[in-house]
Amino acid sequence: MSKLNAPVSAQTTPPSNTTVWHQQTASQLYQQYSVQPEQGLNLLQVAQARERYGANLLPAKQPVPAWRRLLRQFNNLLIYVLLVAALLAAVLAEYLDMAVILAVVLVNGIIGFIQEGQAEKALQSIGALLSSRARVLREGQTEQLNAAELVPGDIVILEAGDKVPADMRLLKVYNLQVQEASLTGESVAVEKHSEPLAAEVVLADRRNMAYSGTLVTQGRAVALVVATGSATELGRINRMLSEVVMLSTPLLQQMAQFARYLTMAVLGFALLVFVLGYLRDYSLNYLFMAVVSLVVAAIPEGLPTILTVALAIGVTRMAKRKAIIRRLPAVETLGAVSVICSDKTGTLTLNEMMVSQLALPGQQLTVSGSGYSPVGAITAAAGNDVADAELLSWLCRAALLCNDAQLIDAEAGRQIQGDPMEAALLVLAEKAELNRQQQVAEYPRHDEIPFDSAHKYMATLHSDHQGRGYIFIKGAPEAILAQCHSVFLPAGSEPASTALDTAYWQQQIEQIAAGGQRVLALAVKWLDSQQTVLNQQDLSGDIQLLGLVGLIDPPRPEAIAAIAACQQAGIKVKMITGDHAATASAIAVQLGLADAQRVLTGRELDELSEAQLADSIVHTAVFARTTPAHKLRLVTALQAQGDVVAMTGDGVNDAPALKRADVGIAMGRGGTEAAREASEMVLLDDNFATIAQAVAAGRNVYDNLKKAIAFLLPVNGGESLAIVLALLFALTLPIMPLQILWVNMVSSIGLALALAFEPPEPKLMQRRPRKVTEPLISGFVLWRILLVSGLFTLGIFAVFNWAIAQQLSIDYARTMAVNTLVAMEVWYLFSVRYMQGPSLSWQGIRGTQPVLIAVAIVFGLQLLFTYLPLLQQLFSTEALRFSHGLICVGIGVVVFIVLELEKWLSRRRS
Ligand code: ATP
């Protein structure tokens with residue numbers, strides 16, 4: 001495989017055929033792509049490269065052609081049965097019947113085709129919301145771009161959790177590990193470096209390259225894009241990494257299988273009826289009609305389509321509310337969630353941080369201001385002067401230099417890039433009148449140890465121009481204090497220090513955290529000489545504490561309401577945070593979490609046995625100072641107790657817990673690509689309230705599926721029962737096969753579709769979570785199906801026999817029977833909209849727009865069916881007198897009233 005395809009910048013000469021990226025040095029690469037290391041490409045270069053190489057996209061999967069999708073609609077057992085029926089009709093010279101059956105088959109196929117197309121389109125447009133992003137250096141600024149906009153020559157920053165957005169040569173590497181399973185199949189992450197390699201090194205061993213589609217599991221890197229789109233290795237092997245998957249769920253599969261079994265059983269039964277009838281000397285024509293009627297009546301043709309549509313509507317509704325479902329089965333599971341484990345920062349809180357307190361050796365300071373605005377002052381308590389300006393200045397210097405965020409002053413106001421907490425530290429430095437550019441020039445950074453939620457600190461290595469080196473460390477106070485033995489005290493120009501008073505600092509930490517503030521410690525290590533590489537071992541020895549920083553991060557107001565709603569819905573909410581116990585507990589109280597005071601820390605968790613954990617997890621709502629590994633343990637423990645767990649996560653290390661959770665929820669804004677790929681759902685706004693809404697939507701979808709089933713099955717039940725009874729007692733068939741086909745494929749599907757749009761029932765979020773083991777057709781639903789089937793049968797026979805008794809023709813009586821059946825369906829639709837609650841209310845009678853539209857359409861179609869001469873001929877119907885039409889509707893009303901009574905009785909009983 002030639003590695004050489006692309007010269008890269010528009011102005012440069014293509015590399016010779018013998019050079020390859022992994023062989024080149026960084027400066028060769030910069031030169032070749034005409035890119036400035038600290039600036040990145042300029043916009044002109046980007047435009048030229050874009051013109052030349054196009055967007056960084058893999059060619060879309062070839063869509064299945066429309067004719068194949070249409071044909072697929074006919075590849076279905078029921079259709080085969082109908083085709084055989086049409087054939088039989090032809091053999092018996094019933095050409096009209098044959099034509100109608102074929103027409104219905106065709107119409108049904110077309111409807112299925114259109115609906116499936118719409119559902120698929122809805123899911124595709126949702127998939128587009130999940131495009132990946134990349135951090136790119138252009139014109140001296142780092143910006144977040146859609147990965148599709150990358151061009152060869154771009155300088156990209158990779159961080160733990162990123163999906164590598166294009167093929168790139170690594171230029172600077174900090175502890176970088178990449179998992180390349182999507183390319184090589186190897187699931188163990190490989191360590192990367194930035195040194196040139198020999199020409200013959202094979203793809204899997206090119207440690208200085210990162211390939212599109214692979215995942216950064218650790219560390220950070222700066223890299224140069226060398227190939228995009230289909231020129232990448234991934235593009236070559238042409239493997240699409242698809243985002244949203246399949247249009248099916250376990251439930252749909254179950255129902256499809258149920259429909260298949262039912263079809264088989266009905267066929268067997270029909271055969272039996274045919275044989276028995278033949279032996280009893282029924283005429284062949286009558287038997288044919290009876291058997292075809294039975295087959296057509298008993299099979300719920302529309303069910304799979306309706307269920308697919310209901311799911312697709314649910315998913316689209318969730319997407320509008322910023323919850324993107326990546327795996328469709330999650331819609332069902334969401335409705336059954338009994339515990340939500342949520343991160344704190346950004347999900348329950350606003351993640352708009354501001355430093356509000358500082359603790360220096362011997363002095364506490366307050367910081368005023370609002371948000372990320374640089375306006376504000378640092379003052380000592382009780383109006384005293386800041387005792388030691390130099391102390392403050394070193395603390396702020398560390399905060400500014402050990403920092404990867406950026407503040408961008410745009411016209412629309414101030415924007416931040418990177419971690420909001422780090423941005424808040426930059427604002428602090430501004431308030432202390434430190435100029436960033438000046439500081440960065442004075443103390444250039446040489447190396448770093450990136451932040452990791454397992455060790456909870458980050459460190460950077462700098463030097464000044466007098467030949468001295470500095471390591472700045474910032475992180476969780478416990479992590480920092482454990483490494484410090486002294487406190488920094490500037491004395492004249494020479495650094496000096498005093499011993500660390502642990503008790504004093506502990507008290508400071510507790511005090512700041514108790515106010516719900518996040519506490520961060522900053523420290524420095526002075527090096528006598530300059531060094532350019534920073535290792536873990538360097539973080540020992542004489543590390544001096546600079547002080548503590550307290551940051552406020554207010555709870556999201558909407559999260560408070562959402563937590564209350566969840567608790568009312570019987571869903572427990574647990575906060576799992578990397579933050580300090582006191583901070584977490586204070587925020588939990590503000591949020592109104594039940595049991596907010598009971599906090600377990602990661603360390604305490606480690607000491608609990610499984611049994612002890614199972615015991616205490618029930619009453620603990622706050623888990624603090626946890627690492628991602630704890631999340632996995634908590635999910636497992638909760639699941640062992642029978643809970644259905646939704647768990648949020650953002651980092652690369654959260655992936656195992658997200659995978660394990662019943663519904664893994666990734667953060668769309670602050671989260672990593674790795675977390676997204678492990679999750680079922682992505683929150684575009686990172687907001688807890690969105691989770692609560694998604695759960696409600698999940699319950700709604702499930703309800704609607706149940707309603708569609710409870711609506712459709714009794715229609716089939718009533719029709720088949722009527723035919724079986726007619727056969728058993730040698731009665732005239734009250735409804736003919738073609739008429740049944742009409743009812744099933746036109747009226748029923750039209751009405752059932754309206755159920756897919758049903759809004760949530762009023763008490764949806766006051767019910768307890770559904771048990772996952774609860775079958776869709778529960779005892780209650782089954783009873784309802786049987787009851788309604790019975791009522792429908794009764795209605796059909798009653799009106800048919802009444803008409804015959806009135807000396808009306810058989811065709812007239814059948815027309816009345818069909819119209820009665822449809823009227824009963826329409827009234828039943830109003831009843832089933834509230835499975836248990838009363839439908840006899842203004843809201844219930846008024847219905848929703850889809851319900852009214854469906855009823856109006858079905859009413860119009862029934863008029864055509866009854867009065868249009870062409871349809872009269874096809875379906876052997878006769879025009880009904882107005883008063884007889886009223887009788888049909890009246891029977892529907894009676895059924896409605898009986899069902900309301902039944903609901904009232906069962907409500908009273910429970
Ligand atoms: P939550 O889990 O509630 O979302 P979190 O994700 O911020 O909180 P972590 O990211 O695990 O939790 O952070 C844990 C602790 O690590 C923080 O409380 C803070 O003290 C420290 N910390 C977080 N980010 C940084 C950073 N960029 N540099 C240094 N220390 C950090």
Side-chain angles (χ1 to χ4, degrees), residues 8-10 30 33-51 53-57 128-172 174 210 212 216 220-229 346 351-353 371-372 374 400 403-427 430 436-437 440 445 448 450-451 650 667-673 676 684-686:
V8 184
S9 164
Y30 287 132
Y33 289 83
S34 315
V35 52
Q36 301 283 329
E38 303 302 328
Q39 293 291 315
L41 295 177
N42 60 41
L43 294 185
L44 180 67
Q45 287 175 306
V46 170
Q48 285 170 334
R50 182 68 193 256
E51 178 112 319
Y53 300 104
N56 178 30
L57 292 171
L129 292 173
L130 290 174
S131 62
S132 7
R133 305 190 67 75
R135 266 176 296 273
V136 190
L137 179 70
R138 282 182 183 171
E139 305 219 315
Q141 297 275 3
T142 3
E143 43 184 332
Q144 285 257 6
L145 293 180
N146 194 322
E149 294 181 37
L150 286 184
V151 293
D154 263 327
I155 295 181
V156 170
I157 294 145
L158 292 176
E159 281 181 1
D162 287 353
K163 183 150 83 181
V164 179
D167 284 2
M168 44 191 81
R169 170 67 157 78
L170 299 167
L171 303 170
K172 284 184 210 150
Y174 308 104
S212 181
V216 180
R220 245 168 78 85
V222 178
L224 186 92
V225 175
V226 292
T228 57
N351 209 4
E352 286 166 9
M353 304 232 183
Y372 296 104
L400 182 153
N403 197 317
D404 290 316
Q406 275 188 33
L407 297 169
I408 298 161
D409 287 308
E411 258 171 52
R414 196 157 232 211
Q415 284 175 355
I416 63 159
Q417 224 159 60
D419 182 355
M421 185 186 74
E422 295 196 335
L425 294 177
L426 294 181
V427 176
E430 285 181 330
R436 180 164 204 197
Q437 266 163 342
V440 170
R445 188 197 287 194
E448 66 189 53
F451 173 74
D650 46 14
M667 299 300 149
R669 281 208 294 184
T672 59
E673 208 74 39
R676 279 192 206 188
L684 289 186
D685 59 359
D686 296 9

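Because the structure is a prediction, the values reported are computed rather than measured.
Between Q144 and Q417, the closest heavy-atom pair is N-NE2, 3.9 Å. A148 and L57 get closest at one heavy-atom pair: CB-CD2, 3.7 Å. L41 and P152 get closest at one heavy-atom pair: CD1-O, 3.9 Å.
Looking at residues two or more places apart in sequence or on another chain, you find a side chain to side chain donor-acceptor pair (under 3.5 Å) between D404 and R445. For D650, there are no salt bridge (Lys or Arg N to Asp or Glu O under 4.0 Å) partners two or more places apart in sequence or in a different chain. Partners of Q39 by side chain to side chain contact (heavy atoms under 4.5 Å, CB included), not counting sequence neighbours, listed by chain and number: Q36. Partners of A423 according to the side chain to side chain contact (heavy atoms under 4.5 Å, CB included) rule, which considers only residues two or more places apart in sequence or in another chain, are Y372, A405, L407, I416. Looking at residues two or more places apart in sequence or on another chain, you find no side chain to side chain donor-acceptor pair (under 3.5 Å) involving N403. With sequence neighbours excluded, no residue forms a side chain to side chain donor-acceptor pair (under 3.5 Å) with E139. By the side chain to side chain contact (heavy atoms under 4.5 Å, CB included) test, R50 is found to be paired with A55, E149, V151, residues two or more places apart in sequence or in another chain being considered. Qualifying side chain to side chain contact (heavy atoms under 4.5 Å, CB included) partners for E51, counting only residues two or more places apart in sequence or in other chains: none.
Between atom CZ of residue R135 and atom CG of residue D154 there is a gap of 14.0 Å, rounded to the nearest 0.5 Å. The structure places CG of L684 at 11.5 Å from CE of M667, a figure rounded to the nearest 0.5 Å.
Here salt bridge (Lys or Arg N to Asp or Glu O under 4.0 Å) pairs that include residues 411-425, with residues two or more places apart or in two chains, are D409-R414, R414-E430, E422-K474.
Of the residues L150, V225, T228, D167, the one that meets the side-chain contact (heavy atoms from CB on, under 4.5 Å) test with S212 is D167.
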Review point. So L158 and L170, side-chain contact (heavy atoms from CB on, under 4.5 Å) or not? Walk me through it.
Key: CA-CA 10 Å; L158 292 176; L170 299 167; 4.2 Å; yes

Practice item. Test Y33 against I155 for side-chain contact (heavy atoms from CB on, under 4.5 Å), laying out the working first. Key: CA-CA 10 Å; Y33 289 83; I155 295 181; over 6 Å; no

Practice item. Could you walk me through whether Q406 and R436 pass the side-chain contact (heavy atoms from CB on, under 4.5 Å) test, one step at a time? Key: CA-CA 10 Å; Q406 275 188 33; R436 180 164 204 197; 4.1 Å; yes

Review point. Under the side chain to side chain donor-acceptor pair (under 3.5 Å) criterion, do S34 and Q45 qualify, and how do the steps go?
Key: CA-CA 9 Å; S34 315; Q45 287 175 306; 4.6 Å; no

Practice item. Would you please test V216 and E159 for side-chain contact (heavy atoms from CB on, under 4.5 Å) and show each step? Key: CA-CA 7 Å; V216 180; E159 281 181 1; 6.0 Å; no

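Remark: the backbone N or O of P165 is paired with a side-chain donor or acceptor of N56 at under 3.5 angstrom.
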